[in-house]
Structures are given as structure tokens and as C-alpha cells.
Amino acid sequence: AFAKLAPSVGALYAQGEDGSLAFNCTVTAVDKIKDGSLLVLTARHCVSKGTSYLVSFDGREMYPASVYKLPKEEVDPQK
């Protein structure tokens with residue numbers, strides 16, 4: 001049964017100017033957006049401005065990824 005589930009953990013690759021790909025980090029699919037896109041999360045240190053990224057969930061197909069920075073939140077010590 002587990003094999004029938006869609007994978008939720010994928011690989012994030014940075015694309016070099018020469019077209020080369022370098023593994024950066026893992027990503028986790030957390031939501032499907034209305035247009036059919038997937039919302040994925042990764043650690044902040046895995047991405048940087050001016051870099052093109054691709055995501056793969058099966059090691060064969062690559063999907064372009066857009067990077068968005070989430071707003072910083074304050075930690076509430078009372079929680």
C-alpha cells in the first residue's frame with residue numbers, strides 16, 4: 001500500500017549557468033495549489049537569490065521551482 005502513495009519528499013537541485021545540476025537539499029511537499037502546482041518547503045540555507053532551482057520526486061523528472069521567502073515570525077516564549 002505504501003508504494004501507491006505519492007512521494008512527499010523530493011530533491012532540490014540548483015541549476016548552474018552552464019546547465020549543470022547540483023543537489024542542494026531535500027524538499028517536502030505540503031500542499032497542492034489551485035493551479036495544480038505543489039507548495040514545497042526547504043530550509044532557508046538551501047536557497048539563494050539569483051539561482052534557478054529544479055525539484056524531483058523520483059530522480060527522473062525535474063520541475064522548475066520558484067523560491068519565496070516566508071515572513072519571519074517572532075517566537076512566543078509563552079507557548
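These values consider heavy atoms only, across backbone and side chains, with no hydrogens, waters or symmetry-generated copies.
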If Ile, Leu, Val, Met, Phe, Trp and Tyr residues are connected whenever their side-chain heavy atoms lie under 4.5 Å apart, and connections chain through other members, are V9 and L41 in the same group?
no

Would you mind reporting whether [Y] and [X] have side-chain heavy atoms less than 4.5 Å apart?
X	Y	value
Q15	P64	no
L21	L54	yes
L12	V47	yes

What are the two closest non-hydrogen atoms of A65 and V55, and how far apart are they?
CB-CG2, 3.7 Å

Could you grab the distance from atom [atom1] of [X] to atom [atom2] of [Y], nearest 0.5 Å is fine?
X	Y	atom1	atom2	value
L38	T28	CG	OG1	11.5 Å
Y53	S48	OH	OG	3.5 Å
N24	T42	CG	OG1	8.0 Å

Check the pair K49, V67 against side chain to side chain contact (heavy atoms under 4.5 Å, CB included), reporting the backbone distance first and the verdict last.
CA-CA 8 Å; K49 287 184 179 180; V67 177; over 6 Å; no

Could you go step by step and tell me if D58 and S56 meet the side chain to side chain contact (heavy atoms under 4.5 Å, CB included) rule?
CA-CA 6 Å; D58 63 6; S56 178; 3.5 Å; yes

Other cluster members, Y63 - Ile/Leu/Val/Met/Phe/Trp/Tyr, side-chain contacts below 4.5 Å
none

